[in-house]
Amino acid sequence: MSTSTNNSIEETSAKEALSNCLLSQYHFCAGGVGLGVAYSLKYKKGLIPMVAAGVGGTLADLIWGRVVACKEEAKRVEYLASSER
């Protein structure tokens, strides 16, 4: 196997690890939906508070995952991508 093939396989593996790590983040989304349900039951009836809190929680999960929880995986992907150039 050539070096470029090994780097490609390693980069693909690193990207998969980052994807799995990011997709395993769910705490803010679940918390947001829970708070949205409580808010919608007490103050404003409907799905809008739950959906808005769920979307906000999902964005928070992605940011938290990228910056904190999956920091090492993200660094590895960035390193492998920059070394290939």
Side-chain angles (χ1 to χ4, degrees):
M1 255 190 210
S2 69
T3 305
S4 65
T5 304
N6 287 339
N7 287 347
S8 177
I9 291 171
E10 192 174 349
E11 186 177 2
T12 301
S13 173
K15 286 180 179 178
E16 287 177 6
L18 179 59
S19 294
N20 288 337
C21 183
L22 288 174
L23 291 174
S24 70
Q25 306 302 313
Y26 64 88
H27 299 95
F28 289 116
C29 180
V33 170
L35 290 173
V37 168
Y39 181 82
S40 69
L41 291 174
K42 184 153 180 135
Y43 298 109
K44 184 176 180 180
K45 305 293 184 204
L47 294 175
I48 300 297
M50 289 182 282
V51 172
V55 169
T58 300
L59 292 174
D61 282 328
L62 289 174
I63 293 168
W64 174 263
R66 180 72 179 191
V67 175
V68 178
C70 307
K71 186 177 181 179
E72 295 302 317
E73 290 87 347
K75 281 183 181 179
R76 185 168 176 238
V77 168
E78 289 172 8
Y79 172 76
L80 291 171
S82 68
S83 68
E84 226 175 58
R85 293 180 198 164

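For this chain, numbers begin at 1 and follow the sequence in order. For the numbers below, each heavy atom of this structure counts, side chains included, while hydrogens, waters and symmetry mates do not.
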| Hey, what do you get for CG (L80) to CD1 (I9), rounding to the nearest 0.5 Å? | 12.5 Å
| request: Look up atom NZ in K71 and atom CH2 in W64, then write down how far apart they are to the nearest 0.5 Å. | output: 11.0 Å
| request: Just jot down the salt bridge (Lys or Arg N to Asp or Glu O under 4.0 Å) partners of E16, sequence neighbours excluded, or say none. | output: none
| message | Grouping I, L, V, M, F, W and Y whenever their side-chain heavy atoms are under 4.5 Å apart, do V37 and L47 come out in a common cluster? | response | yes
| Which pair of heavy atoms, one from C70 and one from Q25, lies closest together, and at what distance? | SG-NE2, 4.1 Å
| Closest approach of S40 to P49 (non-hydrogen atoms, all atoms of both residues) | CB-CG, 4.0 Å
| field | same_hphob_cluster(I63, F28) at 4.5 Å side-chain heavy-atom cutoff | value | yes
| Atom of C29, atom of G54 and distance for their closest heavy-atom approach | SG-O, 3.7 Å
| said: Taking side-chain contact (heavy atoms from CB on, under 4.5 Å) as the criterion, tell me which of E73, E72, R76 meets it with L18. | reply: E73
| message | Check this for me, if you would: do E11 and K15 make a salt bridge, where the nitrogen-to-carboxylate-oxygen distance has to be below 4.0 angstrom? | response | yes
| query | Considering all heavy atoms of both residues, which atom of S24 and which atom of Y26 are nearest to each other, and what is their separation? | reply | O-CD2, 3.2 Å
| Does CG in L59 sit with more than 12 non-hydrogen atoms of other residues, nucleotides or ligands closer than 6.0 Å? | yes
| Hey, any chance V77 and L22 share a hydrophobic cluster, counting ILVMFWY side chains that come within less than 4.5 Å of each other, even indirectly? | yes
| query | Between Y43 and L41, is there a shared hydrophobic cluster once you connect ILVMFWY residues whose side-chain heavy atoms come closer than 4.5 Å? | reply | no
